[in-house]
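Note on naming: letters A, B, ... go to the chains in the order of the sequence lines (proteins, then strands), and numbering restarts at 1 for each one.
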Amino acid sequence: MNPKKLARRFLIPAPAVSLFYYFKFGCKISPRAEVEMSPYLTFGKNTQVSSFCKIKASDGPVVIGREVSIGASCFISSDRMGVKIGDYCLIGPNVSIIGNNYNYDRLDIPICRQGTQSAGISIEDNVWIGAGTVVLDGASIGHGAIIAPNSVVSARIPENTIAQGSPAKVIFKRR
Amino acid sequence: MEHEVARIVAEVLELNESEIRDDLTRRDVDQWDSLRHLTLIAALEEELGLRFSMEEIQSIAGIGSLKALIRRKTTPE
């Protein structure tokens with residue numbers, strides 16, 4: 001890990017990070033959340049990040065829109081292709097948004113040494129993600145979609161639909 | 001039509017067709033939660049060729065009101 005990243009992660013106290021993002025973007029981050037100080041990370045105005053969340057943006061952009069509410073204990077990490085969350089999204093507690101995958105093409109090398117790949121995650125505006133849901137790399141969720149709790153989203157969820165399950169499938173179209 | 005509705009409800013709510021009575025409400029069936037309700041509506045719409053509005057979906061409190069609503073929608077005015 002390079003010294004700059006190390007300093008950002010370990011030497012800056014969490015309340016200072018919360019204040020920094022409040023003055024920079026007008027967003028409210030709990031001092032109990034672990035949000036990386038990263039030039040790749042941007043928030044919209046009035047976005048809230050609850051306690052015990054972890055947001056990692058050291059390898060790719062994380063762009064979070066305005067008036068987004070992120071519940072307690074969420075985990076968001078990005079890789080090269082980034083994670084984009086639109087405006088007015090509601091993200092329930094314990095949601096994981098993971099923007100990369102390990103390569104596993106070779107059997108003779110441990111998976112952890114085969115490197116990662118990233119296709120990116122896109123969550124459009126006004127999406128509501130239920131508690132405990134996992135959003136995997138390559139997923140995209142259309143605007144106005146609702147994801148039921150404990151689902152696993154790995155592909156495209158069309159706009160204004162309600163999806164549920166592992167993998168999440170559309171069960172209803174909003175009207 | 002009534003038999004068809006009972007069959008679909010029984011299938012979606014994982015009940016026996018004999019348990020589908022008109023006085024059965026959403027409160028009586030543990031698994032009839034908001035998500036199962038939407039799954040039921042989607043199944044009814046597909047199999048009966050109907051289309052419910054959001055208000056109609058919210059007004060369904062049990063089998064009685066569901067059947068009454070379907071009757072209203074399938075009876076020509």
Side-chain angles (χ1 to χ4, degrees), chain A residues 68-74 86-97 123-136 139-175, chain B residues 1 4-17 19-20 24-75 77:
Chain A
V68 174
S69 169
I70 300 176
S73 300
C74 288
D87 301 335
Y88 312 109
C89 288
L90 293 165
I91 297 177
N94 268 313
V95 169
S96 301
I97 299 172
I123 298 169
E124 292 171 13
D125 299 344
N126 192 28
V127 167
W128 176 21
I129 301 179
T133 292
V134 179
V135 182
L136 295 173
S140 81
I141 305 177
H143 70 80
I146 298 172
I147 311 298
N150 275 328
S151 300
V152 177
V153 183
S154 53
R156 167 82 187 163
I157 302 296
E159 60 198 52
N160 295 324
T161 55
I162 299 174
Q164 181 196 28
S166 172
K169 296 244 163 68
V170 172
I171 57 161
F172 199 74
K173 180 124 180 66
R174 289 178 69 201
R175 51 195 69 167
Chain B
M1 180 69 86
E4 188 71 359
V5 172
R7 184 187 62 78
I8 297 165
V9 172
E11 204 177 294
V12 174
L13 299 182
E14 294 166 25
L15 296 169
N16 286 323
E17 250 181 80
E19 292 174 272
I20 311 296
L24 197 71
T25 65
R26 285 178 66 176
R27 286 187 180 192
D28 302 328
V29 185
D30 289 342
Q31 62 271 31
W32 196 343
D33 56 18
S34 59
L35 280 171
R36 202 68 78 102
H37 191 58
L38 293 178
T39 311
L40 174 63
I41 298 298
L44 288 165
E45 284 188 339
E46 195 181 320
E47 302 217 15
L48 305 178
L50 295 170
R51 175 97 175 153
F52 299 100
S53 70
M54 216 58 217
E55 279 143 33
E56 286 169 335
I57 293 167
Q58 278 159 6
S59 75
I60 298 165
I63 304 297
S65 54
L66 173 66
K67 282 186 178 169
L69 179 66
I70 292 172
R71 227 175 284 129
R72 235 183 11 254
K73 289 186 91 75
T74 50
T75 311
E77 284 172 16

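- Using a 4.5 Å cut-off between heavy atoms, Ile162(A) contacts chain B through its side chain alone, with no backbone atom that close.
- Nearest heavy-atom pair, Ala148(A) versus Leu35(B), reported as atom, atom and distance to 0.1 Å: CB-CD1, 3.5 Å.
- Closest heavy-atom contact between Ile57(B) and Phe172(A): CD1-CZ, 3.6 Å.
- Within 6.0 Å of CD on Glu55(B) lie no more than 12 heavy atoms contributed by other residues, nucleotides or ligands.
- In the displayed structure, Arg175(A) atom CZ is contacted under 6.0 Å by more than 12 heavy atoms of other residues, nucleotides or ligands.
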